[in-house]
Amino acid sequence: MKKIQPTVRRSGFSAVSHLLFGPPRLHRDLHAERDLVLTIAQCPLDNGQQVHVRILQTIYKKLTGARFDCPLFGSHWEQLGFQGLDPGTDLRAAGLLGLMHLLHMVMDPKILPLAHDIFRLSQHHRQNFPFCLMSLNITRICIQVLREERVSRECNRRQQVFAVLNDLYVAVYFHLYHVWKTQNKTISDSGYVLKEVEVLAKKKPKELFRQLDVHLKERPLPKDLPLEIWTHHPAEQRIENHDGSHAQAGGICFTGVCEQQVQEDRLI
């Protein structure tokens, strides 16, 4: 927590202009939650922490449809769009928050179909892009938007930081996906597209939220979704331990994260 910078430091005319014409300040009672978000972004992946491994395995299973766990190191992570054999290397830019954003996308039944759409596009023979690496770039954008207080109004309205940042992450990724697909973008356009979505996220986050909301309402959901997803609230999400007990996780969902399973023939 000592490493974080909760807000962008401004001086001179920039500070005065931001004070007079900039977005509202984040309510003081939300500072602790904001600082926790930024602290998580400083935390590296630790393969010695079981919950870190479970998050990683869950993301892999949800995106690929695999039934069993995969090795912690290997070329299979490149299929998800990591650059190398060790996902922890790429996570240095966004820390564990980058994994938690991916987890949010695959664990929410209303958003999972969108995650699959984006993942399929990332595998396209011409329009392919590294899915997870792009995701980490979007997490980095969300961190910067938070530090520049561009979503403070929405955080204040909802009295949440984690949930708002989760929604912003999905909204930004959806916008990037829409642009990438409809404008036939390729990996050579990635720098330009990321810059464009970053500018939009800082200037018009409300518009991104609206676009995502319209998309989720227009897209029919699978008929077998449980009724409780409609009353599900991010602030109530918890970690489920092996003994059946639960622990709060600052509004981030770990309930349902895959328990580790071993495929028997891999032991031979």
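The structure displayed is predicted, hence computed values, not measured ones. Positions are given from 1, in the same order as the sequence printed here.
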Exercise. Enter the distance from Q144:CD to R150:CZ here, rounded to the nearest 0.5 Å.
Key: 10.0 Å

Self-check item: Ring center gap for Y173 and F131 short of 6.0 angstrom
Solution: yes

Quiz item: Do H104 and D167 touch side chain to side chain, with heavy atoms closer than 4.5 Å?
Solution: yes

Quiz item: Run the side-chain contact (heavy atoms from CB on, under 4.5 Å) check on R140 and N137 step by step: do they pass?
Solution: CA-CA 5 Å; R140 178 192 57 80; N137 274 282; 3.9 Å; yes

Quiz item: Would you say the side chain of L103 lies within less than 4.5 Å of the side chain of M107, judging by non-hydrogen atoms?
Solution: yes

Quiz prompt | Heavy-atom side-chain proximity of L176 to E196 below 4.5 angstrom | solution = no

Quiz item: Does N184 use its side chain to pair, donor to acceptor, with the backbone of W180 at less than 3.5 Å?
Solution: no

Exercise. Taking the side chain as every heavy atom from C-beta outward, state whether K206 and E154 have any pair of such atoms under 4.5 Å apart.
Key: no

Quiz item: Short question: side chain of W77, backbone of L72 - any donor-acceptor pair under 3.5 Å?
Solution: yes

Quiz item: Side chain of H52, backbone of L45: donor and acceptor closer than 3.5 Å?
Solution: no

Quiz item: Between H27 and Q159, do the side chains contain an N or O donor and an N or O acceptor separated by less than 3.5 Å?
Solution: yes

Practice problem: Go through the steps for I40 and L36 under the test side-chain contact (heavy atoms from CB on, under 4.5 Å), then give the verdict. | Solution: CA-CA 6 Å; I40 290 173; L36 179 59; 4.2 Å; yes

Self-check item: H76 side chain to P71 backbone, donor-acceptor under 3.5 Å
Solution: yes

Quiz item: Any side-chain heavy-atom pair from M105 and L112 closer than 4.5 angstrom?
Solution: no

Quiz item: Under 6.0 Å from the NE2 atom of H31, do we count more than 12 heavy atoms belonging to anything else shown?
Solution: yes

Quiz item: What closest approach, in Å, do S190 and M134 show between heavy atoms, and which atom pair accounts for it?
Solution: CB-CE, 4.3 Å

Practice problem: Consider only side-chain N and O atoms of Q83 and D90, and report whether a donor and an acceptor are under 3.5 Å apart. | Solution: yes

Quiz prompt | Under 3.5 Å donor-acceptor, Q123 side chain and Q79 backbone | solution = yes

Exercise. Could you tell me whether the side chain of F129 reaches within less than 4.5 Å of the side chain of K185, counting heavy atoms only?
Key: no

Quiz item: Do N128 and S122 touch side chain to side chain, with heavy atoms closer than 4.5 Å?
Solution: no

Quiz prompt | Sidechain N-carboxylate O distance under 4.0 Å for R54, D69 | solution = no

Exercise. Show your working on side-chain contact (heavy atoms from CB on, under 4.5 Å) between L121 and I118 and close with a plain yes or no.
Key: CA-CA 5 Å; L121 181 62; I118 300 173; 5.8 Å; no

Quiz item: Between N156 and S152, is there a donor-acceptor pair closer than 3.5 Å when you use the side chain of the first and the backbone of the second?
Solution: yes

Exercise. Of all the heavy-atom pairs spanning L102 and Y169, show the shortest one and how long it is.
Key: CD2-OH, 3.6 Å

Practice problem: Determine the minimum heavy-atom distance between G98 and T139, stating which atoms define it. | Solution: CA-OG1, 3.8 Å

Self-check item: Residues I111, V106; criterion side-chain contact (heavy atoms from CB on, under 4.5 Å); working and verdict
Solution: CA-CA 7 Å; I111 301 174; V106 301; over 6 Å; no

Quiz prompt | The single option from Q211, E218, K217 passing side chain to side chain contact (heavy atoms under 4.5 Å, CB included) against V214 | solution = E218

Self-check item: F174 ring center within less than 6.0 Å of H215 ring center
Solution: yes

Quiz prompt | Pairwise distance OH(Y60) to SG(C70) - rounded to 0.5 angstrom | solution = 5.0 Å

Quiz item: Are any side-chain N or O atoms of Q42 and backbone N or O atoms of G95, one a donor and one an acceptor, separated by less than 3.5 Å?
Solution: no

Practice problem: Quick one: pull up CD1 in I143 and CG in L146 and give me the separation to the nearest 0.5 Å. | Solution: 8.5 Å

Quiz item: Rounded to the nearest 0.5 Å, how far does CG of L165 lie from NE2 of H101?
Solution: 4.0 Å

Self-check item: Electrostatic pair R120-D117, nearest N-O below 4.0 angstrom
Solution: yes

Practice problem: Compare all side-chain heavy atoms of K181 with those of H124 and state whether any distance is below 4.5 angstrom. | Solution: no

Quiz prompt | Minimal non-hydrogen separation, E33 against F162, with atom names | solution = OE2-N, 2.9 Å

Self-check item: V151 to P205 - nearest heavy-atom pair and separation
Solution: CG1-CB, 4.0 Å

Quiz item: Does R126 CZ have over 12 foreign heavy atoms under 6.0 Å away?
Solution: yes

Quiz prompt | Where L80 and F119 come nearest, the two heavy atoms and their spacing | solution = CA-CE1, 4.0 Å

Self-check item: Nearest-0.5 Å distance that lies between atom CG in L56 and atom CG in L99
Solution: 5.5 Å

Quiz item: Distance from R210 atom CZ to K204 atom NZ, nearest 0.5 Å?
Solution: 10.5 Å

